[in-house]
Amino acid sequence: MATEADSSGSSDSVDWRSESSSVEMTREERLADLYRRWVREPFVIAWSDLRTRVGLLLVVGYLAMGAVAVLGLWRTPQPNQGPRLLQPFENMAYPLGTTNSGVDLLALIIESTPFILLMVLAGGVWATTLAVLVGTVSGYKGGSVDNAIMSVTDFVMAIPGLPLVIVLAISISPENPIVLGVVLTINYWAGLGRSIRSQVLSIREADYVEASRTMGTSVPRIIGKDVLPNIMPYVMVNFVLAARYTIFASVGLYFIGVLPYTGQNWGVTLNNAYSNGALFNPAASHWLLVPMVAIIGLSFALILVSQGMDRIFNPRVRTRLTGESESTDEETTTGGTF
């Protein structure tokens, strides 16, 4: 039977308001724990799914093309470097063919990749980060804070996105890919922020969130430990959607000539092909198809990776695939198919 002294001793040894563990870990153990939780486990889960595996390999392929361009491992695109209008795989020295001025199309695609990747990353990070900040703070705090933030959000949502982007592009002529990515998604965050707020409104009333509030846990810690993990699959999917929007918006604006031609770009390649009659000339059709395949491939890779994010942030799947549980066998049979 537990005595009063035992009860008192037990209550003295456990501080339920404490946010830190009494178990001391060495620096090596903390680094090993961080590596296990943030590198090894996500990689094991992502690699176990066929869709995510294919998406990761495609993304790695684009990153490799970007590295080739940065390191100068492939020829720089320039006129008369090969036969004119060479078809794909007709001459393996120019595997994707050439333009009507003899420019290597593979060199054009590789040269454009670092610019595209930086622009896509900047647009996705800008729109998603701002939306998560606005949605979580507004949804969790509620009251006057919610009203003020949502009033600003509604005003930004009311501004037509495409005309605003065109005006900004003409006014400031962004040449830096990071600035261009931010300009293209300048008000994309507003709609996503409202969607995240609605997700947070239901989570903030959950029992575990209420328990954290009762124990006196700070608001930033509750948002970081209890709220954000539950909306991360939704956030990651929308990060990919923002990245895809950046790709399509930039290609479209380059194609119609709104954005400045500051260097090689898939949209510029499409515009040049169209201007030189590739749409009506079968011998030059590959000039249009090659940049289109590059755009579709990157978009498809991002979609596949975003689907894998749902498994990475799913606690049940994560526990089973990292060897901590042998249950939930149904995930093995349902995952890994397109």
Side-chain angles (χ1 to χ4, degrees), residues 53-125 174-181 184 240 243-255 257 259-276 278-279 283-305:
R53 202 181 313 160
V54 172
L56 287 175
L57 291 175
L58 288 173
V59 170
V60 169
Y62 280 94
L63 292 175
M65 284 202 300
V68 168
V70 172
L71 297 176
L73 301 178
W74 192 259
R75 64 175 71 96
T76 302
Q78 54 187 345
N80 301 318
Q81 63 184 170
R84 297 186 177 186
L85 290 180
L86 199 65
Q87 296 297 305
F89 310 113
E90 185 178 345
N91 183 340
M92 293 313 295
Y94 309 94
L96 298 183
T98 59
T99 68
N100 67 344
S101 58
V103 180
D104 181 12
L105 273 173
L106 178 59
L108 277 175
I109 297 301
I110 291 177
E111 187 78 7
S112 307
T113 302
F115 186 96
I116 292 289
L117 293 180
L118 278 175
M119 181 187 65
V120 167
L121 182 64
V125 169
E175 299 181 0
N176 186 291
I178 297 176
V179 176
L180 179 57
L184 292 174
V240 172
R244 290 176 64 243
Y245 172 82
T246 307
I247 299 173
F248 297 150
S250 66
V251 170
L253 294 179
Y254 272 116
F255 185 77
L259 293 175
Y261 287 10
T262 56
Q264 298 300 334
N265 186 284
W266 298 342
V268 174
T269 305
L270 279 172
N271 182 284
N272 290 335
Y274 177 77
S275 301
N276 286 276
L279 186 61
S285 59
H286 64 284
W287 193 358
L288 277 174
L289 293 176
V290 168
M292 289 174 63
V293 170
I295 295 167
I296 294 172
L298 180 57
S299 177
F300 185 56
L302 293 175
I303 291 174
L304 294 180
V305 172

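Arg75 meets the side chain to side chain donor-acceptor pair (under 3.5 Å) test with Asp104; sequence neighbours excluded. Residues that satisfy the side chain to side chain contact (heavy atoms under 4.5 Å, CB included) test with Ser299, not counting sequence neighbours, are Arg244, Phe248, Ile303. In terms of the side chain to side chain contact (heavy atoms under 4.5 Å, CB included) criterion, residue partners of Leu270 (sequence neighbours excluded) are, by chain and number, Val251, Phe255, Leu288, Pro291, Met292, Ile295. Every residue meeting the side chain to side chain donor-acceptor pair (under 3.5 Å) condition with Ser101, not counting sequence neighbours, appears here in chain and number order: Thr99.
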Side-chain donor/acceptor pairs under 3.5 Å, residues 61-73, sequence neighbours excluded:
{"from": "Tyr62", "atom 1": "OH", "to": "Ala294", "atom 2": "O", "distance (Å)": "2.6"}
{"from": "Tyr62", "atom 1": "OH", "to": "Leu298", "atom 2": "N", "distance (Å)": "3.0"}

Could you pull out every donor-acceptor pair under 3.5 Å between side chains of residues 110-119 and any protein atom, sequence neighbours left out?
{"from": "Ser112", "atom 1": "OG", "to": "Leu108", "atom 2": "O", "distance (Å)": "2.8"}
{"from": "Ser112", "atom 1": "OG", "to": "Asn265", "atom 2": "N", "distance (Å)": "3.2"}
{"from": "Thr113", "atom 1": "OG1", "to": "Ile109", "atom 2": "O", "distance (Å)": "2.8"}

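Gly181 approaches Thr246 most closely through the heavy-atom pair CA-CG2, 4.3 Å. Between Ala284 and Ala278 the shortest heavy-atom distance is O-CB, 3.4 Å. Shortest non-hydrogen contact noted between Val103 and Pro77 is CG1-CB, 3.7 Å. Ala301 and Val59 get closest at one heavy-atom pair: CB-CG2, 3.8 Å.
Side chain of His286 to backbone of Leu85: no donor-acceptor contact under 3.5 angstrom is found. At distances below 3.5 Å, at least one donor-acceptor pair connects side-chain atoms of Tyr94 with backbone N or O atoms of Gln81. In this structure, Asn271 contributes its side chain and Gly267 its backbone to no donor-acceptor pair below 3.5 Å. Remark: the backbone N or O of Ala283 is paired with a side-chain donor or acceptor of Gln87 at under 3.5 angstrom.
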- Message: Quick one, Leu180 with Asn176, criterion side-chain contact (heavy atoms from CB on, under 4.5 Å). Give me CA distance, side-chain angles, the key distance, then yes/no.
- Response: CA-CA 6 Å; Leu180 179 57; Asn176 186 291; over 6 Å; no
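We find the CG-CG distance between Leu96 and Leu105 to be 6.5 Å, quoted to the nearest 0.5 Å. Atoms CG and CG, on Leu259 and Leu253 in that order, are 4.5 Å from each other to the nearest 0.5 Å. The distance from the CD1 atom of Ile247 to the CG atom of Leu184 is 11.0 Å, given to the nearest 0.5 Å.
By the 4.5 Å heavy-atom criterion applied to side chains, Trp287 and Asn100 are counted as neighbours.
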